[in-house]
Structure formats: structure tokens, C-alpha cells
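Some notes on the structure that comes next.
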Amino acid sequence: MVQNLSDPQALPCISVVCPVYNEAANLDAFFGRLIPVLEKTRESFEIVCVNDGSSDASYAALLARQKQDMRLRLIDLSRNFGKEAALTCGLDAARGSAVIPIDADLQDPPELIEEMVHLWRQGFDVVLMLRVDRSSDGILKRKSAEWFYRLHNVLSDHAVPANVGDFRLMDRKVVDALKQFPERHRFMKGLFSWVGFRQATIPYVREVRAAGVSKFSAWKLWNLALEGITSFSTVPLRVWSYLGLMIALAAFAFGVFIVGRTLLLGIDLRGYASLVTIVLFLGGVQLIGLGVLGEYIGRLYIEVKRRPIYIVRQSDDDAS
Ligand code: UDP
Ligand code: MG
């Protein structure tokens with residue numbers, strides 16, 4: 001199928017969804033590589049760019065490009081909502097039969113799209129892109145990602161494949177399934193894998209960011225990791241009953257021991273240090289338990305408010 005330029009309403013075959021947050025320095029190079037690849041597939045396509053409240057010239061650059069190329073669709077969010085929300089917005093807007101989320105910083109090589117589309121044409125609903133070499137990420141990010149996947153997959157009923165990012169191809173069926181998720185807190189990698197479908201995997205080497213710095217600070221990554229675990233597992237909540245039971249049993253056994261010893265050997269007032277240690281330890285354990293409860297209750301609170309995931313300031317669909 002070749003692009004039908006005379007009818008802009010015709011549904012495209014491929015939608016590329018690209019969240020953009022302060023990527024002005026990358027956009028020219030990004031489109032310079034992406035568009036020829038898409039043209040080479042000989043499928044009709046649209047590029048849905050979601051400007052996630054950029055404070056640099058990204059939006060102006062996207063607008064200028066859109067004026068020249070109708071295949072670019074632009075959605076401007078009212079502020080920075082974070083990558084997961086921007087991606088959700090892009091998926092909601094995408095109209096293609098296949099949807100490919102991609103980062104604008106050229107860490108996900110657009111050239112691989114050809115092979116993704118090929119596998120999709122063979123009947124796979126999801127084509128996962130597996131990062132075989134993450135040396136473009138720092139050692140700390142690599143290690144923490146590795147630990148996170150391990151912990152997440154032990155705790156959660158549903159495993160997230162390690163080293164698979166948001167860059168992937170999804171059939172319309174998969175995207176429609178994802179759109180049914182009402183949750184406000186969105187851990188996209190988890191949701192992507194939760195829906196299932198027939199999957200193929202392509203290994204690739206993740207490139208270094210073309211320009212600028214990563215928008216994910218250590219603190220943001222930590223919160224994303226918490227999000228991933230709390231959205232897909234209740235083990236951290238339930239573990240406290242078992243831990244409490246174990247501590248209670250140990251305390252009971254210790255009590256029996258103390259009473260027995262007092263009865264046999266008489267009253268002994270020593271033991272101040274062990275008493276303080278036990279009280280402090282239990283206090284700490286209780287606070288951790290409360291903290292975990294807080295994490296979940298906080299999330300419940302946000303979910304029940306049912307606020308929108310993102311707010312669109314302007315989208316070119318408004319005009320048409
Ligand atoms: N991004 C976004 N909103 C944010 C942070 C990032 O839309 O709040 C976009 C960013 O412009 C890029 C993609 O998400 O296209 C990935 O971001 P980044 O490269 O900073 O993440 P990393 O590759 O370091 O995980
Ligand atoms: Mg990046």
C-alpha cells in the first residue's frame with residue numbers, strides 16, 4: 001500500500017509514536033533517519049509526536065516540520081506529564097494498523113523498523129526489541145535495571161521480559177487492548193507484557209543518546225521501579241503478615257524461655273541492651289510495614305480520583 005496523499009483521512013498502516021521532551025537538538029537528525037526508513041517500507045504511515053511540555057524549541061521545530069509534512073501529527077500536552085503519560089496519549093491518538101513507540105533521542109535505531117514490519121507482516125502481533133548490549137547506559141543504570149527486573153519478576157505474578165524497552169511494534173489489537181487500561185499510574189512495560197499476544201523478538205544494540213541528557217534522574221528511575229512493582233504485585237503488602245507471624249512466634253518462644261529461666265533461676269534484671277535492641281528493631285519493622293501500606297494507599301488514592309492521565313493543549317486533529 002502506498003501513501004494516499006490526496007486523502008489525509010485514509011487510515012495509515014503504520015503509526016510511529018514519539019514522546020518528545022526537550023529534544024530540539026535531536027529532532028532534525030531523528031526525522032532525517034526515521035522518514036527514509038518509513039518510506040522504504042512502502043506502507044502508508046503517520047508519525048504521532050507528543051510534545052510533553054518541552055521548555056526548549058522542540059514544539060516550534062515540530063510545528064515547522066509538520067507544515068511541510070502532513071504525515072506528521074502533533075499533539076501538545078498542557079505541561080510535562082512524564083514519558084508514560086505522553087506515550088499513552090500517543091497510543092490513544094495513533095490510527096495505524098501497527099504502532100511503534102520510539103524515543104526521539106535516536107537510542108532506538110529507526111533502521112530496525114523495516115525488520116519489525118516484516119515480522120508483523122508474517123503474523124506476529126508484538127515485535128519486541130531486546131537490548132543485547134546496554135553499554136550505552138552507565139554501569140549504575142545497567143546494574144540497577146538488572147536488579148529491578150529480577151526483583152520485579154520474583155514478586156509479580158506476571159514477568160516483564162528483561163532489557164526490553166518501550167521500542168517495539170504492536171498490532172492494532174494489542175493497542176486496543178492497552179487502551180482499555182483505566183489506571184492513572186502507568187508502568188507501560190508491565191502493561192505491554194501483561195496483554196500477551198503472539199510475540200517475536202529482535203535483538204539490537206542500544207545506541208548512545210544523540211544529543212542532550214537523559215530525562216530520567218536516579219530518583220525518577222527509583223519511582224518508576226516502585227511503580228512497576230506496586231502496579232503488578234501485592235507481595236510487598238502481604239509479606240508483612242508472614243513476617244509479623246514469624247516475629248510473633250519468635251517472641252512467644254523467647255517469652256517462654258524468659259519465664260522458664262526466671263522461674264528456675266530467679267529474677268534477673270540484666271538485659272537492658274537486648275531489650276532496647278528488640279524494641280528499636282520492632283519499631284523499625286513496623287515503620288517499614290506502614291511505609292509499604294502508605295505506598296499502596298497513596299496509589300489507591302490517586303486511582304480513585306480518576307483524574308485524566310494527560311491533558312492536551314492543542315492537537316492538529318482539533319483543526320481538521
Ligand atoms: N520523555 C518524555 N517525557 C519525559 C521524559 C522523557 O516524553 O518526562 C521522552 C524523551 O523526549 C525521549 C524518551 O521519552 O524521547 C526517552 O527519554 P530519555 O532518553 O530521557 O530516557 P532514557 O533513554 O534515558 O531511558
Ligand atoms: Mg534515551
Side-chain angles (χ1 to χ4, degrees), residues 15-34 47-62 65 72-94 99-110 112-113 129-146 148-149 160 162-168 184-190 192 204-225 227-228 309-313 315:
S15 295
V16 174
V17 171
C18 173
V20 176
Y21 178 49
N22 294 348
E23 302 285 3
N26 287 319
L27 288 176
D28 277 339
F30 171 66
F31 289 116
R33 271 175 68 182
L34 178 68
I47 305 172
V48 182
C49 287
V50 182
N51 177 40
D52 188 15
S54 301
S55 52
D56 67 353
S58 299
Y59 184 59
L62 288 169
R65 187 165 280 274
L72 196 99
R73 287 173 61 210
L74 189 50
I75 301 172
D76 189 29
L77 300 185
S78 60
R79 62 170 169 85
N80 177 248
F81 281 87
K83 183 183 177 187
E84 315 287 304
L87 203 53
T88 306
C89 170
L91 292 183
D92 287 345
V99 181
I100 305 175
I102 190 169
D103 289 358
D105 58 1
L106 288 171
Q107 284 201 277
D108 307 325
L112 296 169
I113 289 179
M129 305 303 289
L130 178 74
R131 301 170 185 175
V132 280
D133 172 14
R134 296 186 56 137
S135 50
S136 61
D137 290 330
I139 172 92
L140 204 67
K141 186 160 179 183
R142 277 208 311 270
K143 276 283 155 210
S144 55
E146 185 188 322
F148 164 72
Y149 285 121
V160 169
N163 293 324
V164 170
D166 297 328
F167 182 39
R168 60 181 63 208
R184 317 292 98 178
H185 271 113
R186 304 175 78 81
F187 180 62
M188 293 307 274
K189 284 193 238 305
F192 285 159
Y204 80 109
V205 178
R206 190 153 160 86
E207 294 178 10
V208 288
R209 190 172 234 288
V213 287
S214 170
K215 312 295 183 305
F216 284 87
S217 59
W219 179 245
K220 266 196 180 175
L221 280 176
W222 164 251
N223 281 314
L224 189 64
E227 206 56 73
I309 299 167
Y310 54 85
I311 307 263
V312 173
R313 189 188 71 82
S315 111

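Residue numbers count from 1 along this sequence. This structure is a prediction, so every number in the text was calculated from the model and none was measured. When a ligand or atom number is given, it counts from 1 through the structure's own listing order.
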Give, for atom [atom1] of [X] and atom [atom2] of [Y], the distance between the pair rounded to the nearest 0.5 Å.
| X | Y | atom1 | atom2 | value |
| --- | --- | --- | --- | --- |
| Ile47 | Leu34 | CD1 | CG | 4.5 Å |
| Cys18 | Ile75 | SG | CD1 | 11.5 Å |
| Asp92 | Ile309 | CG | CD1 | 7.0 Å |
| Arg313 | Tyr59 | CZ | OH | 5.0 Å |

Give a yes or no on whether the backbone of Gly53 and the side-chain of Asn80 come within a donor-acceptor separation of less than 3.5 Å. no

Okay, side chain of Ser58, backbone of Glu23: is any donor-acceptor separation there less than 3.5 Å?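 Yes, because the side chain of Ser58 sits within donor-acceptor range (under 3.5 Å) of the backbone of Glu23.
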
Top protein contact for [atom], by heavy-atom distance:
| atom | answer |
| --- | --- |
| atom 25 (O) of ligand 1 | Lys141 NZ, 3.2 Å |
| atom 3 (N) of ligand 1 | Asp52 OD2, 2.6 Å |
| atom 1 (N) of ligand 1 | Tyr21 CB, 3.7 Å |
| atom 24 (O) of ligand 1 | Ser214 OG, 2.5 Å |
| atom 21 (O) of ligand 1 | Phe216 CD1, 3.3 Å |
| atom 5 (C) of ligand 1 | Lys215 CB, 3.5 Å |
| atom 14 (O) of ligand 1 | Lys83 CD, 3.3 Å |
| atom 7 (O) of ligand 1 | Pro19 CB, 3.3 Å |

For residues Asn51 and Asp76, is any side-chain donor paired with an opposing acceptor at under 3.5 Å?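 Indeed, the side chains of Asn51 and Asp76 share at least one donor-acceptor pair under 3.5 Å.
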
Minimum heavy-atom separation for Asp103 to Asp108, with atom names?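 That closest heavy-atom pairing would be N-OD2, 3.1 Å.
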
Would you please test Glu84 and Leu224 for side chain to side chain contact (heavy atoms under 4.5 Å, CB included) and show each step? CA-CA 10 Å; Glu84 315 287 304; Leu224 189 64; 3.9 Å; yes

Atoms in ligand 1 flagged as close to [X], the criterion being non-hydrogen separation under 4.0 Å:
| X | answer |
| --- | --- |
| Gln107 | 19 (O), 22 (P), 23 (O) |
| Glu23 | 10 (C), 11 (O), 12 (C), 15 (O) |
| Asp105 | 19 (O), 23 (O) |
| Asn80 | 3 (N), 4 (C), 8 (O) |
| Ala104 | 15 (O) |

With a cut-off of 2.8 Å, does any N, O or S atom of Asp105 fall short of it relative to the Mg ion (ligand 2)?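 Coordinating: yes.
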
Under a 4.0 Å heavy-atom limit, does Asp103 contact ligand 1 with its side chain, its backbone, both, or neither?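 Under 4.0 Å from ligand 1, Asp103 contributes backbone and side-chain atoms.
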
Start with the C-alpha distance between Tyr310 and Leu87, add both sets of side-chain angles, then the distance that settles side chain to side chain contact (heavy atoms under 4.5 Å, CB included), and finish with yes or no. CA-CA 10 Å; Tyr310 54 85; Leu87 203 53; over 6 Å; no

